[in-house]
Amino acid sequence: MTANVAEEKTPAVPVWNDRAVSVSERVDALVGAMTLREKIAQLYGVWVGASDEGGDVAPHQHDMEEAVDLDVLLPAGLGQLTRPFGTAPVDPALGALSLMRSQARIAAENRFGIPALAHEECLAGFAAWGATAYPVPLSWGATFDPHLVRRMAAAIGRDMRSVGVHQGLAPVLDVVRDARWGRVEETIGEDPCLVATIGTAYVQGLESTGIVATLKHFVGYSASRAGRNLAPSSVGPRERADVLLPPFEMAVREGGARSVMHAYTDLDGIPAAADEDLLTGLLRDTWGFDGTVVADYFGIAFLTTLHAIAGDWADAAGAALRAGVDVELPTVKTFGTPLEEAVTDGRVPETLIDRALHRVLTQKTALGLLDADWTPLPPALTGADLDTPDTLRGSIDLDSPANRALARILAEEAVVLLSNDGILPLTAPRRIALLGPNADEPTAVLGCYSFPQHIGVHHPHSPLGITLPTLRDTLTAEFPDAEFRAVRGTGIDDGDTSGIPEAVRAARDADIAVVVLGDRAGLFGRGTSGEGCDAESLALPGAQQHLLDALLDTGTPLVTVLLAGRPYALGRATDESAAIVQAFFPGEEGTRAIAGILAGRLNPSGRLPVSVPRTPGAQPTTYLGPRLAHANNVSNIDPTPAFPFGHGLTYTTFHWTDLTVDHHEAPTDGAFTLALTIRNTGRRPGTETVQLYLHDPVASVVQPLQRLIGYTRLALDPGRARRLHVTVPADLASFTGRDGQRITEPGTLELRLASSSTQPHLTARLTLTGPQRHVDHTRHLHAAFVVGQEPVARA
């Protein structure tokens, strides 16, 4: 009887599958039970594509790598699945079914039942067929609205999680240093405070849904020489510490990011993928990051092929592991057989494998992938008939009405009105000439990491998967009684001028001409903006400037609209165009936002996250430079922008008054408290973006002429006012001193309350007192803005 009872007992749950046991104990037990090959298998991904029939994923054959045989790999396990939805057009429901079946197979074929962690790109929305295409990150920066970006990221995360994805490769926290760089569209802007606050909000939104956010590219990628992709980065220790690192620091400390991706580039001869001081010393030992460091795609192999600091794949793998890289992406290369052989022959210690493995398995445990009751069934397929895949097609909507509404609000807040002689908003024009290469181009609103531009271009016979109204479509809807004549004039970059005479005739016959110029997003030379699409200068691509100048000569009022991934010099149009509207790839709802602003249905509130140059060759420069980086009498090149960082017009006016300061002196560990009143003195509701800049007149090392240290958006109805209170910790005046330590030093400061980097309205001259003070990563990172009540009118 006793023996029979024993035989009927449920088998004990292995320690690593037992939620009642601590995570560290579960991971320790699993690592101790694994063979070397099984350990290494958890440290790499395989690039796959989901099946549009709902079958298993298939390995993606990339031209940089050899073919992968899943039948050979899977018995040892698999760390990650690379881009199952983002490799080819796949119906979302069938893609989710394909991923589910593949995860079941992966778990069944390794002896510990460990599924893979699936990751996807999500730079401007979930990069899957049929998913919402939100504005690109440069447009997030233009909103100056972290709360809205957090909402967007949460929506993206919910969609990804619903179909079985665990990790998102975003946000990009690179600070723009040279606008010729092709990936400017992927960044949030040229100021570290703006990049840090917007980027951290994105991380918080994504992580709130359970998706692992991945910070990239750590660090220095955007500081490449001449704006060339993957070029060496010439950055000193202070520029790295005070400009490039703060966004990552804030996103780790406040965002809760659980993954970091190393940059491709080297800083002063040390590739980021092999930089132990960066990936372990700073990131982990100082900042306390405890997540995973993943390789940028092929980045470990690049230690051999591009950087030449490793003699073979095993040396590259060992260098990356020593530095602190945990996972090789996108597919197995150096972390496969070469690494196994290097451990066996003693070239790479197994302790490095175990260190990375602990981090990877800790993350998988936190995601529930090691729980005894784990299931590969994603939430979106709960209750679905999984045995008849054809009935699932079209059942998952990744572009819901709620998503589109959110994309529309983001686009509306991101469009920047650069100039306006009073022609906008348009008042019932009878004849409109709609001109330029982006006026009737559906994909002109999309960045290079949107699915249609990233993947869809390789599948020309597949539908886009989302609705992309052109500006012609949306303007026609806004002005149903107007007569439109559309002429392309020239292409984005083909240099063809044969259509310009027709565009000129159309403009001359119209009451108003709208010319829509800019970029075509692509990758590696297939576009004028995007990864590997760097610019020799900031002149408009192709013959677009010729078209623009010819239209200005007609005398017809010209509204210039830019759908672009970077800022461009506009020549004569800067001063002669009746109005200029800048939109940085504003996503699927972008043309509706632009049309609404042209028509006056919307009041523009976007602000420039990057300066717009006056001349195409005055690069590299941003507003964030010391005195010698600005116009002076020792150089004949004037880098003064046509439109500065933070600039943006509205259809109303605001009056800034009554600045008060509680105390004009504070110790170096104290804070200042300011207050001011802002009133909408126009006739329309509007939003003012209050920007706070710090100017340090005398410092122990050269400082930027000014830098943004905080901001807030303030919406006001006509005639209404609010008292705005601002608390500024002295820590925000800190910088990296001569000894490499971050310091706050005594002395005079100016706090400038402004509507752009060149338009201060109120200035407070203040003094920090007491001793020089060292500060670290635990310092205050924010100025606090509190909106008070409407001031009582004076008698």
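Rounding to the nearest 0.5 Å gives a distance of 11.5 Å between CZ of R359 and CD of Q363. Note that CD of E413 is 11.0 Å distant from OG of S139, once rounded to the nearest 0.5 Å. To the nearest 0.5 angstrom, T365 atom OG1 is 8.0 Å from L369 atom CG. The distance from atom CD of Q167 to atom CD of E120, rounded to the nearest 0.5 Å, is 11.0 Å. Note that the CD atom of E531 and the CZ atom of R183 stand 3.5 Å from one another [nearest 0.5 Å]. Distance check: S208 OG to R158 CZ gives 7.0 Å after rounding to the nearest 0.5 Å.
A salt bridge does not link R592 with E478: every distance from a Lys NZ or Arg NE/NH1/NH2 to an Asp or Glu carboxylate oxygen is 4.0 Å or more. We find that K216 and D296 are not joined by a salt bridge, their nearest charged nitrogen and carboxylate oxygen being 4.0 Å or further apart. The existence of a salt bridge linking R19 and D373 is confirmed by a sub-4.0 Å separation between a basic side-chain nitrogen and an acidic carboxylate oxygen. Electrostatic pairing of E328 and K333 does not count as a salt bridge here, judged by no charged N lying under 4.0 Å from a carboxylate O.
In terms of modelled atom types and a separation under 3.5 Å, the side chain of T187 and the main chain of V184 share a donor-acceptor contact. Within the 3.5 Å criterion, the main-chain N or O of A213 finds a donor-acceptor partner in the side chain of E207. D159 places no side-chain N or O within 3.5 Å of a backbone atom of I156 that could act as its donor or acceptor partner. No donor-acceptor pair under 3.5 Å is formed between the side chain of E588 and the backbone N or O of L468. Looking at S51, its side chain never comes within 3.5 Å of a backbone N or O of S98 through a donor-acceptor pair. When atom types are taken as modelled, the side chain of T209 and the backbone of L206 share a donor-acceptor pair closer than 3.5 angstrom. Although no hydrogens or angles enter the test, the distance criterion places a donor-acceptor pair under 3.5 Å between the side chain of Q103 and the main chain of A116. Side-chain atoms of N110 do not come within 3.5 Å of backbone N or O of A76 as any donor-acceptor pair. In this structure, the side chain of R520 engages the main chain of R526 through a donor-acceptor pair within 3.5 Å. With T143 contributing its side chain and W140 its backbone, the two residues share a donor-acceptor pair below 3.5 Å.
Because its NZ or CZ atom is not both nearer than 6.0 Å to the ring centre of Y44 and within 45° of the ring axis, K39 does not count as a cation-pi partner of that residue.
Between L381 and L386 there is a side-chain heavy-atom pair separated by less than 4.5 Å. Looking at heavy atoms from C-beta onward, Q80 lies out of side-chain contact with H166 at the 4.5 angstrom threshold. At least one side-chain heavy atom of Y297 sits under 4.5 Å from a side-chain heavy atom of L169. In this structure the side chain of V260 never reaches within 4.5 angstrom of the side chain of V294, judged on heavy atoms. D52 is not listed as a side-chain neighbour of P89, based on a closest heavy-atom distance of 4.5 Å or more. When side chains are defined from C-beta on, P137 does not count as touching F584, because their heavy atoms never get closer than 4.5 Å. Using a 4.5 Å heavy-atom threshold, the side chains of V172 and E185 count as separate. Counting heavy atoms from C-beta outward, V68 and T331 have side chains that approach closer than 4.5 Å.
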Intermediate values then yes/no, side chain to side chain contact (heavy atoms under 4.5 Å, CB included), V90 and W129: CA-CA 6 Å; V90 175; W129 186 85; 5.7 Å; no
Chi angles and distances behind the side chain to side chain donor-acceptor pair (under 3.5 Å) call for T528, D493: CA-CA 7 Å; T528 59; D493 59 345; 5.8 Å; no
Chi angles and distances behind the salt bridge (charged side-chain N to carboxylate O under 4.0 Å, His left out) call for R26, D18: CA-CA 7 Å; R26 294 170 68 181; D18 190 349; over 6 Å; no
Evaluation steps, salt bridge (charged side-chain N to carboxylate O under 4.0 Å, His left out), between D91 and R393: CA-CA 6 Å; D91 175 86; R393 195 177 298 275; 5.1 Å; no
Worked check of salt bridge (charged side-chain N to carboxylate O under 4.0 Å, His left out) between R404 and D397: CA-CA 11 Å; R404 292 191 73 94; D397 185 4; over 6 Å; no
Check against side chain to side chain contact (heavy atoms under 4.5 Å, CB included), R83 and H60: CA-CA 10 Å; R83 302 195 66 184; H60 171 56; over 6 Å; no
Worked verdict on Q42 versus E38 for side chain to side chain contact (heavy atoms under 4.5 Å, CB included): CA-CA 7 Å; Q42 292 297 315; E38 288 169 333; over 6 Å; no
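Here W16 and F112 bring their ring centres to under 6.0 angstrom of each other. When ring centroids are compared, Y221 and W181 come within the 6.0 Å threshold. Remark: aromatic rings of H454 and Y449 are close, center separation under 6.0 Å.
Minimum interatomic distance between G590 and A411 (heavy atoms only, all atoms of both residues): CA-CB, 3.9 Å. Between V445 and L563, the closest heavy-atom pair is CG1-CD2, 4.3 Å. Heavy-atom minimum distance, G447 versus A521: C-CB, 3.5 Å. Here the closest non-hydrogen pair linking I594 and A583 is CD1-CB, 3.9 Å. Of all the heavy atoms in P389 and L94, the pair that sits closest is O-CD2, 3.3 Å. Pairing each heavy atom of D534 with each of N229, the nearest pair is OD2-N, 2.7 Å.
Here the rule is side-chain contact (heavy atoms from CB on, under 4.5 Å) with H119, and of L329, L81, V165 only L329 fits it. Paired with T470 under the rule side-chain hydrogen bond (donor to acceptor under 3.5 Å, both in side chains), one option of T591, T443, N438, D440 passes, and it is D440.
Residue R37 places its CZ atom among 12 or fewer non-hydrogen atoms of other residues, nucleotides or ligands, all under 6.0 Å distant.
Ring geometry, W47 versus F298: the interplanar angle falls from 30° to 60°, so the pair is classed tilted. Ring pair Y264/F302 is tilted by interplanar angle, where 30° to 60° counts as tilted.
Side-chain contact check for T132 and D399: at least one donor-acceptor pair (N or O, by modelled atom type) lies under 3.5 Å. Side-chain atoms of N17 and D371 include no donor-acceptor pair closer than 3.5 Å.
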